[in-house]
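Since the structure comes first, as structure tokens, the remarks are kept for the end.
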Amino acid sequence: MIATSQVEILGTTMSTVSTVERDLRLILDGVPALVNTVIPTGEIDYANRQLLDYLGVSLEQLQEWPQFIHESDRSMVLERWQHSVDSGQPFGAEYRLRRSDGVYRWFHGHAVPVRARDGAVLRWCNLVIDIEERKQAVEVLRSSERQLNAILDNIPAMVAIHNVAGELELYNRAAREYHGPCVADPKQWRISDVVHPDDLPALVAARERAVETGEAVETEPRLRRADGTYRWFHVRAVRCDDYDGTARWYSVRTDIHDRKIAEDALRRSEAFLLEVQRLSRTGGWRYDLATGIVESSPEIQRVYEPQPGEDISRPPFWFDRIHPEDRSRVQAQFEECMREGTEYRAGYRIVLPDGRIRYQYATGHPVANDTGDLVEFVGASMDMTEHWLATTELERASQAVRDLQAKMSRAAQVATVGELAGSIAHEVNQPLAAVVTNGHACLRWLSASPPNVPRAVEAAERIVKDGKDAGEVVRRVRALFKRTAVEKVMLDLGEVIREVVRLLDSYPARQHVSVDVAVAVDVPPVFADRIQLQQLVLNLMLNALEALEPVSGRVKQLSVTSKRVEAQYALIQVTDNGIGLDDPAAVFEPFVTTKPDGMGLGLAICRSIVSAHDGKLSAERNAGFGMTFTVALPIHPGVLP
Amino acid sequence: MTSDAPVIFVVDDDARVRDALSSLLASTGREVTMFASATEFLKADKPDVPACLVLDLELPDIHGLELQKELLEREAPPIVFITGHGDVPSSVKAMKAGAVEFLSKPFDDEELLRAIDAAIALDRAARLKRSERVELARRYERLTPREREVLTFVVAGFANKLTASELGTSEITIGVHRGQIMRKMGARSLAELVRLADKLGIAPHESA
């Protein structure tokens, strides 16, 4: 502050103005500001009442003015004052002054030099105005702005404000940090600089829509990060008419990249699962025991073809689809699994609204809660229709192949039989032809005149020889079917069976066949030829083994049992689960066989053996696979009770 | 044609049948030659007499029908088939290919002998036809080229005068040629000459 005593000087030189001076002083004392004047020596020669009162000092005390300035502002004020004094430039500064009660208030001090005509500074006039209120108001404003900025910057989302022209007005810290240098100069910012080109059209369109409807824009564009990579954001922007009457876009951008990626992955995974369900024809289901609600996957719905009005969230829909013949079984099974909490497995047919039938295989797994109570069943249902059809088709095809094979084999057999018959015929025919021809020759030699007896005898001798030949052929053929030298003894059938089974132990075809021997203890001995009975059992077992040879997919089983029936018969039964025979009755005929390389004599021999023992041999197809051959031999009357 | 006594060839792999046939045919005074296989028969030197082949259908080396086919290309004797099988398709084939008879074993002796005689008769006729043709060809060989030319006119019924004008010679010269042709060919009449020419396959001259 600049003190002044210029008025006094004026007063001494111009006494006429003393009244004016007094008035002036009164005026200055009334000015709502602090006023003083300073002469070039630095002495404050005048201070108005306001100043002295504020500071609570006398003019004399005021000479030590720097002490009233706030410590923090003091050096700055002194420096500037010195500068003004040195340069003659006006002084201006804001600083705090201590009031008489010790309280500092902000003031704005402004001093100008009053110069003589020669330009020399006569005096400095200083006006000091209280700016405490204003200062405080500014401070409040600043602090609220800082607060606002702090809020904006601390929001865990990117906030941006644009004018309607699209120029950026504000980015919060998150946005600045995210976008980096590309928005260093907001005026240079372009929307295309940060939004992924592919997402820009949707964003622009959304904005246009928002302008029309006045609603908020919500888009999910990719925004470019400082490192040039793009991340997915959820952008929500509103257009507001602002405090100053200007429309602005306020937008919040939330980083949803990870969520979006996860969602995409989930969507892909769901699509993948759906695809897998579709491909595997397996649908998923869940049954909540408490609510009775059924949840089902699209695949299972696709198969079951629900119609409008049908409630697929309830069990009846699912059970009603099941074929009437299967329904009660499946329902009972399902209910039992619910009750017992056991694994559910069921194969059944469903009937679709248009009557088509599909084959299903369903499985279910009980799920318990933490306390161990059964709460739901989670399961899968596989559509087996194509599989079933394919299997059936395959089954049919292989049946056709088997039929064909049988026919061919039969045809081959017929051919073989024909061939054999032909060759037997030829074998017999040749000597027969010779016999007849020789006979004619013989007659001719005898009827010649004179009769040529020697030649006739020759011919007759040849007749005898050729006739014997023919007989030999017949004998050989018969030998194929009949054994000679039967020696019947009392035989234990069990022993015969065990001998043959032992004999077959190392037979290649017997390997991988489960042979089961069951000999009943109450079978009395039979009166039979041991060799023939062994041959009988052996033939039957060999037949069974051969019928088992082509079998795959099931355990090959052969069982030989003996037992007594109807008191006077002992039975031998040979059962296999092999390929079986179509016409059991035909197998005992000679030359009938199912074996490609067989002569068809084995069973014919068996039959001749059995009939030689007054027994019966029969064959029948098993309920499942294969055949059972039964030999019934009469028990020797001597051992009958 | 040195002798007219026919011979019967029998091909059968069964010795019993061969022996019986040999005896039967001998008892009727017929000449028989036996062969155990087709190969043996084909290899053998056979007398140039009327003959018949009694052939077993089932031979170990060549099937009877195959042999028949082979023999068709030669001047072989007619065939009587005998078979132990007697299947219809084979008999049909055999007969179509010119077999005289197809007999199933055992066969009746009369039946066989009838077939054999028929076959021999056929062969005799065939042989005669063959020998006639050979003799005719020999006679035709003796004609001069000019006489052969004239022969075509003669068999075409041309008068000597017309033939002479056609060939640019005199009627008398043609008359001389004609006489020579008749003599050389052994024809007693024009009709016989025409028949002989026909047998030789000589085409009559056709007037332009």
Side-chain angles (χ1 to χ4, degrees), chain A residues 411-478 480 591, chain B residues 8-37 52 54-60 63-65 80-91 101-117:
Chain A
Q413 200 48 49
V414 167
T416 308
V417 171
E419 215 168 88
L420 190 65
S423 101
I424 290 170
H426 192 255
E427 286 300 303
V428 177
N429 225 16
Q430 287 297 105
L432 205 57
V435 166
V436 172
T437 307
N438 279 318
H440 288 307
C442 182
L443 288 172
R444 282 179 185 274
W445 289 122
L446 289 175
S447 58
S449 51
N452 190 332
V453 176
R455 297 298 299 267
V457 169
E458 277 174 27
E461 281 171 353
R462 281 198 300 274
I463 291 172
V464 173
K465 189 174 74 66
D466 297 345
K468 279 182 178 169
D469 269 10
E472 179 59 25
V473 171
V474 171
R475 195 193 60 75
R476 283 210 310 270
V477 171
R478 192 178 291 137
L480 280 174
F591 312 119
Chain B
I8 301 159
F9 304 118
V10 174
V11 184
D12 195 308
D13 61 315
D14 194 317
R16 296 168 302 195
V17 175
R18 280 203 306 275
D19 289 349
L21 278 174
S22 172
S23 180
L24 176 69
L25 296 174
S27 74
T28 63
R30 287 170 171 84
E31 190 71 29
V32 189
T33 310
M34 293 290 168
F35 301 96
S37 70
C52 158
V54 176
L55 183 59
D56 186 20
L57 193 66
E58 301 87 22
L59 289 172
H63 192 266
L65 290 176
V80 174
F81 275 108
I82 51 173
T83 174
H85 284 126
D87 62 309
V88 175
S90 294
S91 64
E101 190 57 272
F102 194 95
L103 299 172
S104 286
K105 293 176 188 173
F107 37 78
D108 188 70
D109 59 342
E110 293 294 342
E111 223 176 339
L112 178 68
L113 292 172
R114 262 200 308 278
I116 286 172
D117 289 345

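Convention: sequence-line order gives letters A, B, ...; per-chain numbering from 1.
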Item to complete: Please report the closest heavy-atom contact between A:L432 and B:P106, naming both atoms and the distance.
Response: O-CB, 4.1 Å
Item to complete: Quick one: closest heavy-atom pair of B:F107 and A:V436, and the distance?
Response: O-CG1, 3.7 Å
Worksheet item: Yes or no on salt bridge (charged side-chain N to carboxylate O under 4.0 Å, His left out) for B:D108 and B:R114, after CA distance, side-chain angles and deciding distance?
Response: CA-CA 10 Å; B:D108 188 70; B:R114 262 200 308 278; 5.7 Å; no
Discussion item. Quick check: closest heavy atoms across B:A115 and B:E101, and the distance to 0.1 Å?
Written reply: CB-CB, 3.6 Å
Worksheet item: Applying a criterion of heavy atom separation less than 4.5 Å, what residues of residues 451-461 of chain A form contacts with chain B?
Response: A:R455, A:A459
Item to complete: May I ask you to name which of B:K105, B:R18, B:R16 has the most heavy-atom pairs under 4.5 Å with chain A?
Response: B:R16
Worksheet item: CG/B:D56 to OG/B:S37 distance, rounded to the nearest 0.5 angstrom?
Response: 11.5 Å
Discussion item. For the interface with chain A, which of B:D12, B:D14, B:T28, B:I82 has the highest count of heavy-atom pairs at distances below 4.5 Å?
Written reply: B:D14
Worksheet entry | B:L113, part contacting chain A, at a heavy-atom distance under 4.5 Å | side chain
Item to complete: Output the distance between atom CG (B:L24) and atom CG (A:L443), rounded to the nearest 0.5 Å.
Response: 10.0 Å
Worksheet item: Under a 4.5 Å heavy-atom cutoff, which of B:L25, B:D19, B:L112, B:L21 has the most pairs with chain A?
Response: B:D19
Fill in: Heavy-atom check, side chain of B:I116 versus side chain of B:V54, under 4.5 Å
yes
Worksheet item: Do you know which of A:T437, A:D466, A:V435, A:I463 has the most heavy-atom pairs with chain B at a distance under 4.5 angstrom?
Response: A:T437
Response to the item:
Smallest heavy-atom separation, B:S23 atom then A:W445 atom, equals OG-NE1, 2.8 Å
